[in-house]
Amino acid sequence: MRNGLLDSLETLFARAGQPPAGAFPVVSEAFNRRYAAWRRTYQPSAAVMGEYTPHIDVIGEKGVPDDALKSQTYRRCTLLRDAPGEGEYLMYLFKGDVLHPDALRHFVAALNASPRPDLLFADEDVHRAGARLHPHFKCALNNVDLLSYNCIGRPLLVRRSLHDAAKPMTAFSEEAAYAYTLRCALRAARTAHIDEVLLSRAALPALSDTQGRACIDAYLQARGWDGYAVGGLCKNTFRLRTSLRAKEQVSIIIPNKNNVRRLRRLLESIEQNALYPYYRIRIVDAGSENLDTLRYYELLRANRAADVLTMPSESTAALWNFGARSAKGALLLFLRPDTVMDTPGFLVPLMDQTHRAEAGVVGCAMASGDGALLAAGTAPAVLCENVPWLGQSVRAASLLHGACAMLTSDLFFHAGCFDETFFSAGGAVAEMCIRLMRRGQSNIYTPAVTATVTGTDASPSEKERERLEDVLRPLSQRDPCLSPRWMEVWDSRGG
């Protein structure tokens, strides 16, 4: 059921100075130039075939030429119009779509993996005036991305039994394609992503807010999940809202030592921008001796504005844990004291994502004092400047910035709290993110909230650096939530 508070605050959630960034996926002209040069020299790696060679039916839209599959190096395929076909797998081909000659060969090679996937998809781009532009590099399928935008897109290959269970696509439109994709993903036991650009479409997708929300709402209803969709900051992107629990309390936990100015600035930003009454601030003091700081604590206590606890420690993780253990909130928001919460109504968008069934740590967009984006999950700022939707869409993220992190208290304590050997906030949050990923949770980045960091994190010791390197080892070869192709193109010398 929709919540009146959420609807009344709708206009406050978009960040100031962040208008919709155009049709998704959108990239800068500089990135397009680099991609065009990279694409001229790049060819998909050779696909190694196996023993399994299924027949593939390709259902073509009216206007797709009869010889659209003539160039395919995999010959066990048929272009269908109205006939039902008998292939073990099938794919929809829209007017203007061009498959790479080795596209179906790559799909069949992936089908020879064990276990055999039910749903496969690959990367895509746009062909325009002889150029290949607007790449959409994808990652492994996850529910966060799937309910934020059509992260599967085209080309999409589906097992016949899955296609029949999900029901065919009703029309060749972006709305019907997204709805079909969601129905297939709902029923797919195994999915696979092919890290190759195997299709080029004639134009960028154009999905209206109304159409996209209807597709997502139908998916949520089919799964029995709470929530509904609203438009995102980018066109063709969305974000979930969830019904607020009655008077659900948020415990905001902030460590501090001998710095009254930055703490006052943070508390004032919370008071001004929370716009949600059920929160309680818990300050964990690490042994302040500054008289101004101690007087400020007394003022906070006298006005019942915050609880002030004392625990002498240099570890941010230990201070956060100490504050969390006596907190009564169902949700825990961990903040660094040098943070400022800029977005009016910031608590509710964070709570929306934290209430999702698969949510691990939830974080927001982090900006520097001059307004420059610092982090959007693991997407670096330079990449977000050239691929704006990476910083402006709700996405699963392997890591989140340590200055702002929210999760449920149940999940936090079941996971074992923060590792107190990490003195820095960044190290503590990173280790928690990796731990929750291993448990099957999805860490979520939401651009609906922006926080400003005015200081620097604690400098990690050499031992902590070594421990952090061990923690992050699973990401050393590949980030499962971000395609390496984005940085591969940006780091190229093209353009």
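Everything quoted here is computed from the prediction, not taken from an experiment.
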Original post:
On the ring face of Tyr296, is Arg264 found with NZ or CZ under 6.0 Å from the centre and within 45° of the axis?
Top reply: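 Pair Arg264/Tyr296 counts as cation-pi.
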
With a 3.5 Å distance limit and no angle check, can you tell me whether [X] reaches the backbone of [Y] through a side-chain donor-acceptor pair?
X	Y	answer
Thr41	Trp38	yes
Thr343	Val449	no
Asn386	Val27	no
Asn256	Asp285	no
Glu314	Phe423	no
Ser315	Phe422	yes
Asp457	Gly426	yes
Ser269	Val340	no

Subject >> Test log, rule side chain to side chain donor-acceptor pair (under 3.5 Å), inputs Asp342 and Thr450 >> reply: CA-CA 6 Å; Asp342 297 320; Thr450 304; over 6 Å; no

Please find the pair of heavy atoms, one from [X] and one from [Y], that lie closest to each other, and give the distance.
X	Y	answer
Ser398	Asn443	O-ND2, 3.4 Å
Cys184	Leu119	CB-CD1, 3.8 Å
Tyr178	Ser148	OH-N, 4.3 Å
Pro135	Asn32	CD-OD1, 4.3 Å
Val284	Leu319	CG2-O, 3.5 Å
Leu335	Met341	CD2-SD, 4.0 Å

Original post:
For Asp292, which residues count as a salt bridge (Lys or Arg N to Asp or Glu O under 4.0 Å) partner, sequence neighbours excluded?
Top reply: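 Applying salt bridge (Lys or Arg N to Asp or Glu O under 4.0 Å) to Asp292 gives Arg295.
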
Pairwise distance [atom1]([X]) to [atom2]([Y]) - rounded to 0.5 angstrom:
X	Y	atom1	atom2	answer
Met351	Tyr278	CE	OH	10.5 Å
Leu220	Cys215	CG	SG	11.5 Å
Trp320	Ile253	CH2	CD1	9.5 Å
Ile254	Thr316	CD1	OG1	13.0 Å

Subject >> Phe346 ring center near Tyr276 ring center (under 6.0 Å) >> reply: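 Ring-ring flag for Phe346/Tyr276: false, centres at least 6.0 Å apart.
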
So does [X] pair up with [Y], basic N to acidic O under 4.0 Å?
X	Y	answer
Glu431	Arg435	yes
Glu174	Arg201	yes
Asp125	Arg39	yes

Subject >> Residues that Thr408 engages under side chain to side chain donor-acceptor pair (under 3.5 Å), provided they are two or more places apart >> reply: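 Side chain to side chain donor-acceptor pair (under 3.5 Å) check on Thr408 returns nothing, list empty.
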
Original post:
Do Glu420 and Asn321 pass the side chain to side chain donor-acceptor pair (under 3.5 Å) test, and can you show the C-alpha distance, the side-chain angles, and the key distance before you say yes or no?
Top reply: CA-CA 8 Å; Glu420 297 188 2; Asn321 286 345; 3.1 Å; yes

Original post:
Would one find more than 12 heavy atoms of other residues, nucleotides or ligands at under 6.0 Å from atom CD of Glu358?
Top reply: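 Yes, CD of Glu358 has more than 12 neighbouring heavy atoms, counting only those of other groups under 6.0 Å.
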
Original post:
Does atom CD of Glu248 have more than 12 heavy-atom neighbours, drawn from other residues, nucleotides or ligands, at distances under 6.0 Å?
Top reply: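 Check passes, neighbour count above 12.
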
Distance only, no hydrogens: is a donor on one side chain within 3.5 Å (strictly under) of an acceptor on the other, for [X] and [Y]?
X	Y	answer
Thr421	Glu464	no
Ser208	Gln211	yes
Ser45	Glu196	yes

Original post:
Can you tell which of Leu263, Val260, Thr310 makes a side chain to side chain contact (heavy atoms under 4.5 Å, CB included) with Tyr297?
Top reply: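 It is Leu263; the other options fail the test.
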
Original post:
Looking at residues at least two apart in the chain, or sitting in another chain, which of them share a ring-ring contact (aromatic ring centres under 6.0 Å, His included) with His193?
Top reply: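 ring-ring contact (aromatic ring centres under 6.0 Å, His included) list for His193, sorted by chain: Phe121.
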
